Amino acid sequence: VYTLTFLIVGLAVVFGALWFAKYFERRITIPLEALHSATQEVSSGNLNVRVEELGTDELKNVITAFNYMVEQLRSLKVSLEAGKRYIENILDNIAPAVITIDDEGKVKSCNLSAKKLFPFLLRNRDTFVVKAFSSLPSLKKAVEDLLKSAGGKVNVEQIVAGRGRNFTVELIVPAGIKDRILKIEDITEIVNAQKVATWKEVAQRLAHEIKNPLTPIVLNAERIKRNFEKNSENLKSVVEKSISSILEEVEVIRRL
């Protein structure tokens, strides 16, 4: 009887211990393992994880705080991605070519204008920006000099696709970050417009300078004609003076 009683009690204790072990495993171990697994997922970049709030009250508080933190990180990531897309859209819709380079001089990114103007930039990953412009010597030298001087702006003339073009090359070094910004703008049309405006002004001045001597030439020719028609006595003197004046004005035009 005693043996049977102790055996039953012993079995009850063993099964009770197993049940409590299973209970505490469910209450503590399983939530902790889930929390550990979720932490690894977050560290790998997955912010869509959520841990079921199980376990003791203290453990539930920790899991609730973890889920809230992940949710905040997800919101922040969405906001940063939206901001990044916004900036990229702005950069892709501006005329100058914008190229970002790291502190070693390697191309990290470039906007749509840069890709169109210099399609060779992103052919190879981690291309050195100076090496990328090896086929355009004037631009290459300008970029090289700006990198050595740690910033500045220069104007460059370069033949691209058999056509002479004008560029402004500017290296911007933002404060607080290692990356630098290379801005290249095609100002060929502006330069050509300035040249046209300059030649237009030259032509206008030249026309004015030519017009001035033409007036006395016309007046002297008319004077000769009048005196000739009147058969004036001093016709010879008038003709000599008029021709002398005409020749002087013609010389002015010849020099112009």
Side-chain angles (χ1 to χ4, degrees), residues 37-51 64-136 138-140 142-156 158 160-161 163 165-194:
S37 176
T39 304
Q40 289 181 325
E41 288 287 330
V42 171
S43 65
S44 65
N46 181 14
L47 297 178
N48 294 316
V49 295
R50 183 175 180 82
V51 182
T64 302
F66 176 81
N67 288 333
Y68 178 75
M69 178 194 72
V70 173
E71 192 175 328
Q72 292 297 309
L73 287 174
R74 186 166 56 248
S75 299
L76 181 61
K77 181 183 178 182
V78 170
S79 176
L80 288 174
E81 287 177 348
K84 182 183 177 183
R85 286 194 298 271
Y86 177 73
I87 293 172
E88 286 176 348
N89 286 333
I90 292 175
L91 290 175
D92 283 341
N93 285 281
I94 61 175
V98 179
I99 306 160
T100 56
I101 54 178
D102 61 16
D103 54 345
E104 294 180 355
K106 292 180 180 178
V107 178
K108 290 188 68 178
S109 66
C110 54
N111 67 345
L112 192 61
S113 295
K115 293 173 186 176
K116 288 181 178 178
L117 199 57
F118 311 113
F120 53 79
L121 274 175
L122 294 179
R123 283 177 188 166
N124 300 317
R125 196 168 180 152
D126 296 331
T127 305
F128 284 96
V129 68
V130 175
K131 186 179 178 182
F133 283 100
S134 56
S135 60
L136 304 172
S138 298
L139 280 172
K140 178 186 176 184
V143 172
E144 221 168 8
D145 293 343
L146 288 173
L147 287 172
K148 288 177 183 177
S149 61
K153 185 176 181 180
V154 293
N155 292 332
V156 177
Q158 176 67 60
V160 180
R163 178 187 166 201
R165 302 175 84 167
N166 298 83
F167 299 94
T168 58
V169 184
E170 183 178 6
L171 183 68
I172 303 168
V173 184
I177 60 174
K178 291 183 179 180
D179 292 346
R180 287 164 289 179
I181 301 169
L182 187 65
K183 188 178 80 169
I184 303 176
E185 186 172 4
D186 188 347
I187 57 169
T188 306
E189 292 183 4
I190 297 173
V191 171
N192 289 340
Q194 289 174 343

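All figures in this text were calculated on a predicted structure; none of them were measured in a lab.
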Trainee: Any donor and acceptor pair, going by atom type alone, linking the side chain of D179 with main-chain N or O of T100 inside 3.5 Å?
Mentor: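 No; zero donor-acceptor contacts below 3.5 Å.
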Trainee: Roughly how far, to the nearest 0.5 Å, is the NZ atom of K116 from the SG atom of C110?
Mentor: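 Separation between the atoms: 12.5 Å.
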Trainee: Closer than 3.5 angstrom, by distance alone: can the side chain of T168 be matched with the main-chain N or O of N155 as a donor-acceptor pair?
Mentor: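 Such a contact is absent between T168 side chain and N155 backbone.
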Trainee: Taking side chain as C-beta onward, heavy atoms only, is V143 less than 4.5 Å from L182?
Mentor: yes
Trainee: With rounding to the nearest 0.5 Å, note down the distance linking CG in L147 to CZ in F128.
Mentor: 11.0 Å
Trainee: Would you find a donor on one side and an acceptor on the other, under 3.5 Å apart, between the side chain of D186 and the backbone of A95?
Mentor: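 Here the side-chain-to-backbone pair does not exist.
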Trainee: For R180, give me all partners under side-chain hydrogen bond (donor to acceptor under 3.5 Å, both in side chains), at least two apart in sequence or on another chain.
Mentor: none
Trainee: Are the side chain of D102 and the backbone of K178 linked by a donor-acceptor contact shorter than 3.5 Å?
Mentor: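 Absent.
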Trainee: Just so I know, are the side chains of I184 and V156 near enough to count as touching, which here means a heavy-atom distance under 4.5 Å?
Mentor: no
Trainee: Can you tell me if Q158 uses its side chain to pair, donor with acceptor, with the backbone of S138 under 3.5 Å?
Mentor: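 Yes, because the side chain of Q158 sits within donor-acceptor range (under 3.5 Å) of the backbone of S138.
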Trainee: Side chains of R50 and V70: does their closest heavy-atom pair fall under 4.5 Å?
Mentor: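 No; the side chains remain at least 4.5 Å from each other.
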Trainee: Is there a donor-acceptor pair closer than 3.5 Å between any side-chain N or O of N111 and the backbone N or O of L91?
Mentor: yes
Trainee: Heavy atoms only: give me the nearest K77-G45 pair and the separation to one decimal.
Mentor: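 Between these two residues, the closest heavy atoms are NZ-O, 3.8 Å.
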Trainee: Using ring-ring contact (aromatic ring centres under 6.0 Å, His included) as the criterion, list what pairs up with F167, not counting sequence neighbours.
Mentor: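 Partners of F167 by the ring-ring contact (aromatic ring centres under 6.0 Å, His included) criterion come out as none, since no residue qualifies.
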Trainee: Has S113 got a side-chain atom pairing as donor or acceptor with I94's backbone, closer than 3.5 angstrom?
Mentor: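 Checked: pair present.
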Trainee: With a 4.5 Å heavy-atom cut-off, do L117 and R165 have their side chains touching?
Mentor: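 Contact flag for L117/R165 side chains = yes.
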Trainee: Less than 3.5 Å apart, which donor and acceptor atoms pair up between the side chains of residues 79-88 and the rest of the protein, not counting sequence neighbours?
Mentor:
none

